[in-house]
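Just so you know, residue 1 is the first one in the sequence shown, and it goes up from there. Below, all heavy atoms of this structure are taken into account, side chains as well, without hydrogens, waters or symmetry copies.
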Amino acid sequence: MQPLVADLFTAGALAGVAKDVDAAVHAASSNDERSAELDHAVVDTFIEAFAGTGKPFVYTSGLWLHGNTGDIAATEKSPFAPLMVVSWRPAVEEKLADAKDMHTIRIRPGLVYDGGRGYIPMVLGPQDDGNGGKLVGHFGDGSNRWSVVHADDLGDLYALAVEKAPADSTYLATVDEPVRVRDASKVVANRFGATVQDWDPADAQRYWSVMVEALPARPGGDQRQSPYRTRLDPGAADSAGGARDQLIRPVTTCSGALGPRVCGL
């Protein structure tokens, strides 16, 4: 593997290397106000470079594209109702859907977690309470649920998508059952001897800006209705199902499936 350093905001920055690869997975993001600019630059480059070649191009979208679904689980066919922080993303997905002479695959992950990285530890990481103790705060009362996916499972899905996914296909990438934020907060608090406390979204907005809309939301993805196992990997339930089932169990203690990874903040 040969690393390549490029400015992804520059149109055509990857045009040269795109001609020499067999497939591409776009999983980069600036995570700021220029995210849309970066996505359009990368996608435009590969639409031009991969047109008519049959080379798979995997685009990383996100479950927030479907907005706050409440108690209704989103599927790949659910309408777009993007949260403000990803309001630009439907235009990118539509651009890829219109690229009929290109082998495109769109993956919409939930919140990705692993090794203390991502939004979950950023939100639920214990903080000093000012009195010598630790505090774990969640936006609102914590009754909302997060659809999550471990980075290793997402990596498996990328590999399967490149190898087997048909052109113009879409997949939600989440565990089968969403995690209640209040329960996840208790897992972390128990691990670190901390106290769980509701965080008024109005106060949190001073620190999290538009993310306050996203993280208390209920973007529920139901992978059981996804073609992931049946179309990408018919044997996944047998070959990898055991490992994934450990991820699906509700989070109640640090010995639970999500527990060891969340507790390893």
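- Taken together through direct or relayed side-chain contacts under 4.5 Å among Ile, Leu, Val, Met, Phe, Trp and Tyr, Val196 and Val181 form parts of separate hydrophobic clusters.
- Not a single side chain to side chain donor-acceptor pair (under 3.5 Å) links His103 to another residue, sequence neighbours left out.
- In this structure Ala151 satisfies the side-chain contact (heavy atoms from CB on, under 4.5 Å) test together with Val112, Asp114, sequence neighbours excluded.
- Here the CZ-CD distance, from Arg89 to Glu94, works out to 13.0 Å after rounding to the nearest 0.5 Å.
- Applying the side chain to side chain donor-acceptor pair (under 3.5 Å) test to pairs two or more places apart or on separate chains, those with a residue in residues 9-18 are Asp7-Thr10.
- Rounded to the nearest 0.5 Å, atoms CG (Asn144) and CG (Asn68) are 8.5 Å apart.
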**Worked verdict on Leu160 versus Tyr171 for side chain to side chain contact (heavy atoms under 4.5 Å, CB included)** = CA-CA 11 Å; Leu160 288 168; Tyr171 303 95; over 6 Å; no
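- Nearest heavy-atom pair, Ala13 versus Thr45, reported as atom, atom and distance to 0.1 Å: N-OG1, 4.4 Å.
- When every heavy atom of Arg108 is checked against every heavy atom of Thr170, the shortest pair comes out as CZ-CG2, 3.4 Å.
- Residue Leu38 is not grouped with residue Leu65 when hydrophobic side chains (ILVMFWY) are merged at heavy-atom distances under 4.5 angstrom, including chains of intermediate members.
- Atoms NE2 and CG, on His138 and Leu124 in that order, are 8.5 Å from each other to the nearest 0.5 Å.
- When Val179, Leu154, Val148 are each tested for a side-chain contact (heavy atoms from CB on, under 4.5 Å) with Tyr113, only one passes: Val148.
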**Request:** Evaluate the side chain to side chain contact (heavy atoms under 4.5 Å, CB included) criterion for residues Val42 and Tyr59: first the C-alpha distance (whole Å), next the side-chain angles of each, then the deciding distance (0.1 Å), finally the verdict.
**Result:** CA-CA 10 Å; Val42 172; Tyr59 171 68; over 6 Å; no
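- Scanning both residues, Val43 and Leu96, for their nearest heavy atoms gives CG1-CD2, 3.7 Å.
- Legend: residues meeting ring pair (Phe, Tyr, Trp, His ring centres under 6.0 Å) with Phe50, ordered by chain and number and at least two apart, are Phe46.
- Val21 and Tyr158 fall into different hydrophobic clusters, where Ile, Leu, Val, Met, Phe, Trp and Tyr side chains are chained together by heavy-atom contacts under 4.5 Å.
- For Arg180 (side chain) and Ser143 (main-chain N/O), a donor-acceptor pair under 3.5 Å exists by modelled atom type.
- In this view, Ser78 satisfies the side chain to side chain donor-acceptor pair (under 3.5 Å) rule with no residue, not counting sequence neighbours.
- Residue Val85 is grouped with residue Ile120 when hydrophobic side chains (ILVMFWY) are merged at heavy-atom distances under 4.5 angstrom, including chains of intermediate members.
- Under the side-chain contact (heavy atoms from CB on, under 4.5 Å) rule, Leu157 has a single partner from Val149, Ile107, Val58, Val162, which is Ile107.
- Annotation: salt bridge (Lys or Arg N to Asp or Glu O under 4.0 Å) contacts of Lys95 (sequence neighbours excluded): Asp44.
- The minimum heavy-atom distance between Gly110 and Thr174, with the atom names listed, is N-CG2, 3.9 Å.
- Annotation: side-chain contact (heavy atoms from CB on, under 4.5 Å) contacts of Asn31 (sequence neighbours excluded): Ser29, Tyr119.
- Minimum interatomic distance between Asp198 and Gly140 (heavy atoms only, all atoms of both residues): CB-O, 3.2 Å.
- The salt bridge (Lys or Arg N to Asp or Glu O under 4.0 Å) test applied to Glu37 returns Arg34, not counting sequence neighbours.
- For Ala28, the side-chain contact (heavy atoms from CB on, under 4.5 Å) partners are Leu8, His26, not counting sequence neighbours.
- Under the 3.5 Å distance criterion, the side-chain polar atoms of Lys100 are matched with a main-chain donor or acceptor of Ala97.
- Minimum interatomic distance between Ile105 and Ala161 (heavy atoms only, all atoms of both residues): CD1-O, 3.7 Å.
- Linking Ile, Leu, Val, Met, Phe, Trp and Tyr residues whenever their side-chain heavy atoms come within less than 4.5 Å places Trp199 and Met122 in a single cluster.
- Remark: Asp200 engages Ala202, Asp203 in a side-chain contact (heavy atoms from CB on, under 4.5 Å) (not counting sequence neighbours).
- With sequence neighbours left out, Arg106 forms a salt bridge (Lys or Arg N to Asp or Glu O under 4.0 Å) with Glu93, Asp168.
- The stretch residues 120-132 participates, sequence neighbours left out, in these side chain to side chain donor-acceptor pair (under 3.5 Å) pairs: Asp128-Lys134.
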